[in-house]
Colleague: 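This is the structure I have questions about; it appears just below.
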Amino acid sequence: RLEFDHVDPVARGGQTTADRMRLRCRAHNQYTAECTFGAGFMREKRQEAQRTAALSREQAQKRAHATSEAAAKARAHAAATAVSQSDVVPWLRRLGFSAEEARRGAALCADMPDAPLEERVRVAVRGLAPPSARRAVHVTS
């Protein structure tokens, strides 16, 4: 627990050169600072540092929580995508698409996991169709 100490305090015009530095244990460094700047001043500085550290920890916890939530959303989306693909791929295969085409088609409707299976298959087929055949087709039920 060694700390660098300025022989001549920087706050009082000291230089930050290597020959004007020394190593001290934390207790002696704090004692020298209190002798130089006063016990009350140093107490306020330590309290300010504690508040800053607490704020930094709180912000880090918030970032970690937000990251955790984002990861959970990503996992849920991946799971929904996997379910969507496992639903859509077999139907595309039955319609004659190759396994690779079926996977590509399922990826086209991956962002709509809550849509009915028929709608997802329709989007996949439309996306896999040649550009000339992608005209809107109205189907009446």
Side-chain angles (χ1 to χ4, degrees), residues 1-139 141:
R1 300 207 180 234
L2 296 177
E3 298 179 348
F4 284 103
D5 178 45
H6 297 90
V7 174
D8 303 312
V10 174
R12 296 228 169 128
Q15 302 266 326
T16 58
T17 59
D19 61 331
R20 302 304 297 161
M21 300 290 290
R22 59 187 170 197
L23 282 177
R24 290 207 156 163
C25 72
R26 180 168 176 77
H28 279 102
N29 196 19
Q30 292 292 311
Y31 174 73
T32 302
E34 287 180 4
C35 289
T36 303
F37 299 108
F41 177 82
M42 291 309 297
R43 184 174 38 258
E44 287 177 21
K45 285 294 189 182
R46 284 190 287 272
Q47 289 172 347
E48 181 181 326
Q50 288 173 347
R51 285 190 299 270
T52 301
L55 182 60
S56 293
R57 280 191 304 272
E58 183 180 315
Q59 290 172 343
Q61 287 174 343
K62 286 180 181 178
R63 283 192 303 273
H65 181 69
T67 301
S68 174
E69 284 182 348
K73 286 181 182 178
R75 283 192 301 274
H77 180 70
T81 299
V83 167
S84 173
Q85 288 185 347
S86 69
D87 286 351
V88 173
V89 169
W91 289 102
L92 294 174
R93 295 286 287 147
R94 290 203 63 195
L95 290 171
F97 290 101
S98 70
E100 176 59 31
E101 290 171 325
R103 281 191 295 275
R104 270 197 344 254
L108 294 172
C109 60
D111 62 342
M112 47 190 293
D114 296 331
L117 176 60
E118 294 81 9
E119 179 64 23
R120 288 183 281 142
V121 170
R122 187 177 299 122
V123 167
V125 169
R126 191 176 302 134
L128 292 171
S132 60
R134 290 186 187 165
R135 293 185 295 260
V137 177
H138 298 287
V139 178
S141 307

Colleague: Find out whether Asp8 and Gln15 are in side-chain contact, i.e. whether some heavy atom of one side chain is under 4.5 Å from a heavy atom of the other.
Modeller: no
Colleague: Quick one: pull up CZ in Arg75 and NZ in Lys73 and give me the separation to the nearest 0.5 Å.
Modeller: 12.5 Å
Colleague: Between Arg93 and Ala102, what is the shortest heavy-atom contact and its length?
Modeller: CD-CB, 3.9 Å
Colleague: What is the distance from atom CZ of Phe41 to atom OG1 of Thr36, rounded to the nearest 0.5 Å?
Modeller: 11.0 Å
Colleague: State, with a plain yes or no, whether a side-chain heavy atom of Thr32 is found less than 4.5 Å away from one of Arg24.
Modeller: yes
Colleague: Quick one about Glu69 and His65 (side-chain donor to acceptor, distance below 3.5 Å, no hydrogens or angles considered), yes or no?
Modeller: yes
Colleague: For Leu92 and Ala124, which heavy atoms make the closest approach, and how far apart are they?
Modeller: CD1-CB, 3.8 Å
Colleague: Any carboxylate oxygen within less than 4.0 angstrom of a Lys/Arg side-chain nitrogen, looking at Arg51 and Glu48?
Modeller: no
Colleague: Would you find a donor on one side and an acceptor on the other, under 3.5 Å apart, between the side chain of Arg94 and the backbone of Val89?
Modeller: no
Colleague: For the atom pair OG1 (Thr16) and CZ (Phe4), what is the distance rounded to the nearest 0.5 Å?
Modeller: 12.0 Å
Colleague: Any non-hydrogen side-chain atom of Phe97 less than 4.5 Å from a side-chain atom of Val125?
Modeller: yes
Colleague: Any sub-3.5 Å donor-acceptor pair from Glu101's side-chain atoms to Ser98's backbone N or O?
Modeller: yes
Colleague: Any sub-3.5 Å donor-acceptor pair from Arg20's side-chain atoms to Gly14's backbone N or O?
Modeller: no
Colleague: Would you mind reporting whether Lys45 and Phe37 have side-chain heavy atoms less than 4.5 Å apart?
Modeller: no
Colleague: Would one find more than 12 heavy atoms of other residues, nucleotides or ligands at under 6.0 Å from atom CD of Glu119?
Modeller: yes
Colleague: Is the closest side-chain heavy-atom distance between Asp87 and Arg120 below 4.5 Å?
Modeller: yes
Colleague: Assess whether side-chain contact (heavy atoms from CB on, under 4.5 Å) is satisfied between Asp5 and Met21, documenting all intermediate values.
Modeller: CA-CA 6 Å; Asp5 178 45; Met21 300 290 290; over 6 Å; no
Colleague: Quick check: does any side chain N or O of Thr67 sit under 3.5 Å from a backbone N or O of Arg63, one acting as donor and the other as acceptor?
Modeller: yes
Colleague: For the residue pair Cys109 and Val88, what are the closest heavy atoms and their distance?
Modeller: SG-CG2, 3.9 Å
Colleague: Roughly how far apart are Leu95 CG and Leu128 CG, rounded to 0.5 Å?
Modeller: 10.0 Å
Colleague: Find the distance between CE (Met42) and CD (Gln30) and round it off to the nearest 0.5 Å.
Modeller: 5.0 Å
Colleague: Going from OG1 on Thr52 to CD on Gln47, what distance comes out if it is rounded to the nearest 0.5 angstrom?
Modeller: 11.5 Å
Colleague: Should Glu3 and His28 count as side-chain neighbours, where that means a heavy-atom distance under 4.5 Å?
Modeller: no
Colleague: Looking at Glu58 and Lys62, does any basic side-chain N land under 4.0 Å from a carboxylate oxygen?
Modeller: yes
